[in-house]
Amino acid sequence: MKFQNLMASTGEWLRGEGPHHQVVVSSRVRLARNLRNRAFPGWAKKAERTIILELIKPRVEELPEMQEPFSELLQDLSALEKQVLVERHLISREHAAKSVGSAVIMNRKQTLSVMVNEEDHLRMQSIRSGLQLRQAFKLVDKVDSALEGKLDFAYDTKLGYLTACPTNVGTGMRASAMLHLPGLVLSDLINQVIQAVNKIGLAVRGLYGEGTEAMGNLFQISNQTTLGEKEEEIISRLNKVIETIIEKEQDARQVLIQKRPNTLWDQIGRAYGLLTYAHAMTSKEALNLLSVVKLGIDLGAFPEDKRLGIDQLFIETQPAHLQKSTQQKLNAEERDHFRAQIIRERLKSFPKPDISKVAREPETGDSEPEKHE
Amino acid sequence: MQKVNLCEGCSKEKGVQDPTGFALADLLLGIGAAEEIEKGGSSTRCPVCGFTQADFKKTGRLGCSSCYVAFAEGLNSLLKAMHKGTAHVGKLPSRAQKTLALSDRMKTLTEDLRKAVQEENYETAAALRDEIKQLESQLAGSK
């Protein structure tokens, strides 16, 4: 599969059809594995990295899950193409910085992606839309079991799977979900939630993982520890916490509708106005405003059939996607103009926010609406 | 925040030479991580890949899977502070499952042998010893 085809079709998770999709954008599970007695990628010399790559890559490509895969060596991808993959969460930012001796292999549906020689020799990731951590784990676990028969993974009876960083040792598993939490942000409750989540040993991060800013009211929540707990236990613990956060988010939205309707409609109206009429917009501003419009759709202020268009804009307005679609390199100012133009065009057929619809029948999505008299 | 990439020479010139500034291990794994590893003192260099404690201090990453053996002492307390437990309870590779079954069998046999010797049942003991030897070579092969 060529990069062009990959670019043309959005991944399954971008279509946003999974359970609890109003709050949970996507679920990801990744497993880290290494070959026994081979230097980890960060310590291996170029020649050894290449040997490791040649051992692993064909084994991954021959997996039944990887029919007609997108498989590229990192040195054969342009900086822009790598960035597109980062924006789709198909490779990490760290992997995008790699070149000779590293590769990425993914399936056509973009639900399974395997990085070779990232921080570990193998990083296998499954990504699904909505809250589907169990399904994501199932796929990546199956792939791991198939590969372990063909590759000699570094495994210790006491410590489990051995990884380059001691923070990943044991299961080598990181399970994470991307949550859209505008209600909690608008109600100034988000910091409380983040603190509570941190306290129970889970991490909350921004849009692109470690050390990144929270934009578009998007937050990633993931397990911190990998040793001393079974994979299924980690996932069910994470699931429970996410379900609680979904409830809190829905509650926050209801409180906003009931107690602070003016603030809410003001935010939605401003977001609509700016997105419809602005001629220059940074990706951060775009994400923040699109987030509020997405909230408007959740609440019923905009028609449901406009959801996909907005969800797609979250990705299409990211810097690399923008430049890849125009086929030319743009400077920051040109990008901001072009971004605003794309958004204006997409919102042409977008009706004005209809607040009356929300007041009559609050759309609470996944959880039961609370009864207010 | 502004990110500046400096080479070794420039960093010295600019006075960025505070050794603690380069203890990435502390930054990534929590303060004290780098020292913890040094306390271990079991070995300073991994015999398989040549990675040193100083390298760990600098990068916060290990060199290869054998580093876990070479730096075991220091790593143990580090892992204890970092994780829920100190032993893996999750997935076993099927190869490890076989090894586990073999080593369980080994335990039983060793115990039986001890009893047989105690009871001066030398015929049984000899048979057990043969079986243990066979199992030992199987275990060595599966590792």
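Reckoned from all heavy atoms, side chains included, excluding hydrogens, waters and symmetry mates. Numbered from 1 within each chain, the chains take letters A, B, ... in sequence-line order.
No more than 12 heavy atoms of other residues, nucleotides or ligands lie within 6.0 Å of CD in Q134(B), so this atom counts as exposed by the packing criterion. Atom NZ of K150(A) has more than 12 neighbouring heavy atoms from other residues, nucleotides or ligands inside a 6.0 Å radius. Enclosure of atom NZ in K57(A) by more than 12 non-hydrogen atoms of other residues, nucleotides or ligands within 6.0 angstrom is indicated.
For chain B, the option among Q224(A), R38(A), E48(A), E119(A) with the highest count of heavy-atom pairs below 4.5 Å is E119(A). In terms of heavy-atom pairs under 4.5 Å with chain B, the best-connected choice from G170(A), A154(A), G172(A) is G170(A). Of the listed residues (S66(B), G63(B), C49(B)), the one with the most heavy-atom contacts under 4.5 Å to chain A is G63(B).
Minimum interatomic distance between G60(B) and P166(A) (heavy atoms only, all atoms of both residues): O-CD, 3.9 Å. The shortest heavy-atom contact between V89(B) and G228(A) is CG2-C, 3.5 Å.
With hydrogens and angles left out, the side-chain atoms of N34(A) and S65(B) include no donor and acceptor closer than 3.5 Å.
For V48(B), the part lying near chain A is the side chain, with the backbone staying farther off; criterion is any non-hydrogen pair under 4.5 Å. Contacts between D152(A) and chain B at a heavy-atom distance below 4.5 Å involve backbone atoms as well as side-chain atoms. Within the 4.5 angstrom heavy-atom criterion, only backbone atoms of L35(A) (N, CA, C, O) approach chain B.
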side-chain contact (heavy atoms from CB on, under 4.5 Å) between W43(A) and C64(B): does it pass, once the steps are laid out?
CA-CA 8 Å; W43(A) 183 242; C64(B) 75; 5.8 Å; no
Go through the steps for Y68(B) and T163(A) under the test side-chain contact (heavy atoms from CB on, under 4.5 Å), then give the verdict.
CA-CA 9 Å; Y68(B) 279 92; T163(A) 51; 3.6 Å; yes
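Among residues at least two apart or in separate chains, side-chain hydrogen bond (donor to acceptor under 3.5 Å, both in side chains) pairs with a member in residues 80-92 of chain B are D141(A)-K91(B), D144(A)-K91(B), S145(A)-K91(B).
Side-chain contact between T59(B) and F40(A): absent, with no pair of heavy atoms (C-beta onward) separated by less than 4.5 Å.
Interatomic distance, L159(A) CG to L79(B) CG, rounded to the nearest 0.5 Å: 6.0 Å. Atom CG of residue N76(B) and atom NZ of residue K158(A) lie 4.5 Å apart, to the nearest 0.5 angstrom.
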